[in-house]
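Worksheet: one structure, shown below.
Chain letters run A, B, ... following the sequence lines, proteins first and then strands; every chain starts at 1. Quick note: numbers below take in every heavy atom, side chains included, and nothing from hydrogens, waters or symmetry partners.
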Amino acid sequence: MSLIIIHKNKEKKAISPYTAISIPQYENIPKYTKFRNFLENKFDDIRLWPSCDNEDVGALEVEPKTVSINTKKCMGCLMCFSTEKHLKNLEETPKKILSQIYGADFISKINSNIFGGHLIDLPYFKNRKTNSFEDFTSIKETTHISLWASSVLNFLASNKNSRVGKEIEIMKMDNPRDGRLDVCLDNQNYVLVCECKVDLNSLLKENRFRIQIPSYMKECSRFLNEYNQKHKSDKKLMTFLIIGGKETDLLPPQHPHCSSKVGNKAERFYRDLIKFDINFISANSILVMMLYSLYNKKRLCWDILLKSILKDKNFIGLVSGGMIVKYNEEIKLKDIPKQIINSAEKDIS
Amino acid sequence: MSFLINRNPSGRIICLHALLRYLYQRFREKPFTLNDMKFDDKSRHSILQTCTLLVKLPSISNPVCPYLENPLSAAKCYLTQSIQEDTQKSKSVSDAFNTLEGLGFINRTDKGGVITKEGIAFILNDYTSSSTLNELKKGLLKYGPFVGLLYEISRSKYPTTKRSNVSLGYPVTDEKVMNGGQVVILSSGSQQDTITRTRSVMFIWAITGGFLLPEGTTKLKDKKKCHVEMLPYIKKKKWTINNFKVIQNDIFKNKILVERPLSYNAMTKSTKALRERNQEDVRSLTLKFEPIIKNRRFAIIYSLAKKSEKNGNLNYRKLIQELIKYPELFVVDKKAFDKVMDRELKIANVAGIPFERKGDLLIPMTNLNIIHLKLGAPNPLIKTLDQILEKI
């Protein structure tokens, strides 16, 4: 059966749960203060976005009384689930739904494979508009990877009142045009700011990330320091590149499965990451965290996890197989110990 | 008044038809404002009632506008946006207004617009009717910039044309002024992205109106329904075809009357809107000289139109020699005036009075509605130009 009913809209809400992502629109008055207003939670309005891309996926079928996933169209991005932080009023258990989308075999191995030292091979779904999660993230940055990351990272934030912001304008002193922070999360103790890129090729072609990320960090830190002084708080900033597309492109050049050796792309990528002290997270790793969370009904919190792994000063990036670290001159993929993963879990309630 | 349109939503005539139908339903022949044109979730009337393009998307229970990037957006309509949410800051709805005005379907009033009898004739029948196409064609041939486009296309020796063959925008003159020891180039010309958008819209209108066929379409089954036959292409989110077959090329056999040329206030782009950082000098200087730029462009168009009215031609050299005698009206830099005016000649095409050039003689190819052209023009300017034209 290809249609799984995940929710029944008994309360007859105009917008059923699981069908829309809410993104607050933060004020920009006075000019260039949108990030400050994000920190202060001053927003004008809330904008809704469909939780399933109608043009390129179209797997979420919404009728007045039911919300269903069409497994013949779904490629498992889990964006729909991410809209409900407490997974209320699901008609089936997440585990059961995931098994129908991904196959029981794949799902049952999530616990053992996550961050286990080898990249997790996400499935290829035949005969549909978008055949894989990597295909989905590799196009249309604002409506695919950025929107998806906003919603999923909000779900995976440990604080129940975490807040999200998307495309927040920020002044860039080195450029007459302002920058935009693709994804921002406020998780009480941590503020996460991310720049999203559809894949490694477009990242390197544009080649602005080396300047963008440090410049965003500088501007965001300034606002955060002001905020901390004003409110006598101690929020910390985390800044990451989130990269979609083929995850094997993101492996270090010495890794046997690295698929971006041609043209020295992997080498250039890592050279710049190290030189400019930039960290990255693969979109696949976030998806795998989401899969793990839904399967176990325990939220694998990015803030707790990243806080632990960032203690390792050699950390460069996070992929579905674990951490990319640099020891002496060697850059390699290293697993994340189970106890660190377990310590980052919190009940979804 | 008529302005140069430059936003893609106005390319879909079927959307404009729905908009005008909604406006007529709600206001009849009474005036309406720009805000009235926008969707308002508090009003019982809306464009969604007249729109025939709404689609049911899988993840949304009610039909929505297929062109919004976010179909759940409170903007509701790609053409006009809404009172509740307008990501275009009224630029989209302004452009729709300017389009309807340019086509003669509405007239501008103090605070908004009012539908004309031509507008009523346009919406009398469903979009798919052949009479709708007739009214549309009449409207298109009234609008100066569209006539300019057709003229540029007609100059091609070949039965086909490319989008890149046509450039419709305010002339780039590279005119320099000194400001505190620094050279500043005035920003009086159109940027490439604006030219691309204007051109994109005009080409779609040309397809809708049966003047062009996109590459890949060999012929029309029924010329009287070309606006319907071409709908599958027009309805696409992006118009990517660059090559076209010219199917109607006899517009300039006789002089047509362009009822809605660009008027005086549309002689320049919106200079106030220049807002990039470190562009303050360019903006303030261009604003300072904007009246002169408007006047000299208007001088070219008005002179051509007056000569054309009497079936005459314009001696360009003599015009320049006269205009330079009035530097407060027409001149920024006397030394560069000749070169700058040569570049400014391109405004004639955009305004709707293309010409053929034989040495110093400019032969206008259309007539203009001079009353419409003069709207907003200062009387002293008109008086000066009339005096000049008597001499040359």
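Using a 4.5 Å cut-off between heavy atoms, Ser68(A) makes no contact with chain B at all. If you measure heavy-atom distances from Ala14(A) to chain B, the contacts under 4.5 Å come from the backbone alone. Only the side chain of Glu55(A) comes within less than 4.5 Å of a heavy atom of chain B; its backbone N, CA, C and O stay farther away. At a 4.5 Å heavy-atom cutoff, the contact between Ile15(A) and chain B is made by side-chain atoms alone. Using a 4.5 Å cut-off between heavy atoms, Glu69(B) touches chain A through backbone and side chain atoms alike.
Within 6.0 Å of the NZ atom in Lys85(A), the count of heavy atoms belonging to other residues, nucleotides or ligands exceeds 12. Within a 6.0 Å radius of NZ in Lys218(A), other residues, nucleotides and ligands contribute 12 heavy atoms or fewer. Within 6.0 Å of the NZ atom in Lys96(A), the count of heavy atoms belonging to other residues, nucleotides or ligands does not exceed 12. Within 6.0 Å of atom NZ in Lys346(B), 12 or fewer heavy atoms from other residues, nucleotides or ligands are found, so the atom counts as exposed in its surroundings. In this structure, Glu206(A) places its CD atom where more than 12 heavy-atom neighbours from other residues, nucleotides or ligands lie under 6.0 Å away.
Counting heavy atoms from C-beta on, the side chains of Asn54(A) and Ile60(B) come closer than 4.5 Å. Contact annotation: the side chain of Asn70(B) approaches that of Pro50(A) to within less than 4.5 Å [non-hydrogen atoms, C-beta and beyond]. Residues Leu60(A) and Pro58(B) form no side-chain contact, since every pair of their non-hydrogen atoms from C-beta on lies 4.5 Å or further apart. Within the 4.5 Å cutoff, no side-chain heavy atoms of Leu72(B) are placed close to those of Arg47(A). Residues Ser59(B) and Val62(A) are in side-chain contact: their nearest non-hydrogen atoms beyond the backbone lie under 4.5 Å apart.
In this structure, OG in Ser73(B) is found 9.0 Å from CG in Leu48(A), a value given to the nearest 0.5 Å.
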